[in-house]
J.: 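Got a structure for you, questions after.
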There are 2 protein chains.
Amino acid sequence: MITGQTASMEDYLEAIAKLAEEDPEVRVTVISKRLGVKKPSVTAALHKLSEEGLVEHPRYGCVQLTQEGRRIATDVIRRHEVLFRFLSEILGLTSDIAQEDACKVEHSLSPNSLERLSKFVEFVLTSPRGEPSCLKGFNHYLEHGERGKQLPAYHSKDES
Amino acid sequence: MITGQTASMEDYLEAIAKLAEEDPEVRVTVISKRLGVKKPSVTAALHKLSEEGLVEHPRYGCVQLTQEGRRIATDVIRRHEVLFRFLSEILGLTSDIAQEDACKVEHSLSPNSLERLSKFVEFVLTSPRGEPSCLKGFNHYLEHGERGKQLPAYHSKDES
DNA sequence: TATAATTGTTAGGCATAGCTAACAATTATA
DNA sequence: TATAATTGTTAGCTATGCCTAACAATTATA
């Protein structure tokens, strides 16, 4: 997809990286459970990733990411995190939905859009004081169906 | 995907609907050109969609959406539009990139997230006066790399 | 340590969705 | 109207990626 891997292979790399954080002994079975696929599917995927030099996987042994595999996994995880924060903290979706959707969208957003979204999330959430102003307005809008009347109106100092 | 169709079939339905807007005589060749696939791929897809009652396609004839096909196409187009507006008007990405990414993401965003995103776009872009305040701040942030100092700070009337 | 349980692999099948090459139908034109 | 150009279809191949059934290796336990 964006990393040169298919969405499916990105999922495997991401899963392996996340599982390794909890227990470095990453086995076929846990990958299978995490991704909701059967073990033979995992074996097949690992073969492919192994051929491409993205994982090491001795027969009947534990799975490890190579440097390149880790690089890609890290990239996918970053995408996931940016999307998750946007969906949960800005749009205010539940953690479950945000996770699910981040998992799907993380494979298709271009680097350009991802970077912009990242900056946007950072901007909206790092408010100088307390809850970000823009979000407060949006939450009011969500709850009451209409825009809360705002005092003076927001002006930045250097406005034209 | 979300509509019960694969991403690929959603693409065909969307393309057919959009092409029909310009010329109701939708032929295999124009679909093929629009989607960047070869004609036999289009024929195969139309067979499938036809079996599912989503298009009508007499041999060597023009393609038409059925009611159900149109319903799905309309849904996909709506997703596309919401995403496109978010990417272009809020994140400020170029039209090209926004189109491309909307095309990819439109298949994977859950209805829940889509509705929230839609409300968010509406909220941010329908500012009571001129350029939406939140966006102004973000654009400054993008250009200068730091937040513009804001006067009084935004307060909604009904704040706790 | 022999047996049972677990874990991993292989083989073979299926659906999706693209492709090329060859052919058939349709439409345009000489 | 016969021929050429275009358009559409079929057949057959490929790759991805999932599945089940059967088997093999490993690990745990009686």
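Being a predicted model, the structure only gives us computed values, none of them experimental. To find a chain, count down the sequence lines: A is the first, B the second, and so on, and within it residues start at 1.
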J.: B:L83, B:F123: one ILVMFWY side-chain cluster at the under-4.5 Å cut-off?
T.: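 Yes.
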J.: Which residues, if any, of residues 10-32 of chain A bring a heavy atom under 4.0 Å of DNA chain C?
T.: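 Within this stretch, A:R27, A:V28, A:T29 sit under 4.0 Å of the strand.
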J.: Stem list for DNA chain C, please, built from Watson-Crick and G-U wobble pairs under 3.5 Å and keeping only runs of at least 3.
T.: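 The stems that DNA chain C takes part in, listed by first number, are C:1-30 with D:1-30.
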J.: Would you mind listing the cluster partners of A:L13? Hydrophobic ones only (ILVMFWY), side-chain contacts under 4.5 Å, chaining allowed.
T.: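 Cluster partners of A:L13: A:M9, A:Y12, A:I16, A:L19, A:V26, A:V28, A:V30, A:I31, A:L35, A:V37, A:V42, A:L46, A:L49, A:L54, A:V55, A:V63, A:L65, A:I72, A:V76.
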J.: Return the residues of residues 52-60 of chain A meeting this criterion: a heavy atom under 4.0 Å from some atom of DNA chain D. Order them by number, or give none.
T.: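 By residue number: A:Y60.
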J.: For A:E122, which residues count as a side-chain contact (heavy atoms from CB on, under 4.5 Å) partner, sequence neighbours excluded?
T.: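 Expected list: A:T126, B:Y141.
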J.: Mind jotting down which residue pairs meet the salt bridge (charged side-chain N to carboxylate O under 4.0 Å, His left out) criterion with at least one end in residues 27-55 of chain B? Sequence neighbours excluded, please.
T.: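 Not a single pair qualifies under salt bridge (charged side-chain N to carboxylate O under 4.0 Å, His left out).
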J.: Of all nucleotides in DNA chain D with an atom under 4.0 Å from a non-hydrogen atom of chain A, which is the first and which the last going 5' to 3'?
T.: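 Reading along DNA chain D, I get D:dT16 to D:dT26.
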J.: Going by the rule side-chain contact (heavy atoms from CB on, under 4.5 Å), which residues pair with B:E25 if we only count those two or more places apart in sequence or in a different chain?
T.: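 Partners of B:E25 by the side-chain contact (heavy atoms from CB on, under 4.5 Å) criterion, ordered by chain and then number, come out as B:D23, B:C62.
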J.: Of all residues at least two apart in sequence or in a different chain, which pass the salt bridge (charged side-chain N to carboxylate O under 4.0 Å, His left out) check with B:R85?
T.: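 If we apply the salt bridge (charged side-chain N to carboxylate O under 4.0 Å, His left out) test to B:R85, skipping adjacent residues, the hits are B:E89.
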J.: Could I get the full list of side-chain contact (heavy atoms from CB on, under 4.5 Å) partners for A:A44, not counting sequence neighbours?
T.: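 None.
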J.: Do any side-chain atoms of residues 114-121 of chain B form donor-acceptor pairs under 3.5 angstrom with protein atoms, and if so which ones, sequence neighbours left out?
T.:
residue: B:E115; atom: OE1; partner: B:R78; partner atom: NH2; Å: 3.2
residue: B:E115; atom: OE2; partner: B:R78; partner atom: NH1; Å: 2.9
residue: B:R116; atom: NH1; partner: A:L91; partner atom: O; Å: 2.7
residue: B:R116; atom: NH1; partner: A:G92; partner atom: O; Å: 3.1
residue: B:S118; atom: OG; partner: B:R78; partner atom: NH2; Å: 3.3

J.: When you measure from the side chain of A:S50 to the backbone of A:H57, do you find a donor-acceptor pair of N or O atoms at a distance under 3.5 Å?
T.: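 Absent.
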J.: Distances under 3.5 Å between protein N/O atoms and the N/O atoms of nucleotides 13-16 of chain C, please, pair by pair.
T.:
residue: C:dT16; atom: OP1; partner: B:K48; partner atom: NZ; Å: 3.2
residue: C:dT16; atom: OP2; partner: B:K48; partner atom: NZ; Å: 3.4
residue: C:dT16; atom: O5'; partner: B:K48; partner atom: NZ; Å: 3.1

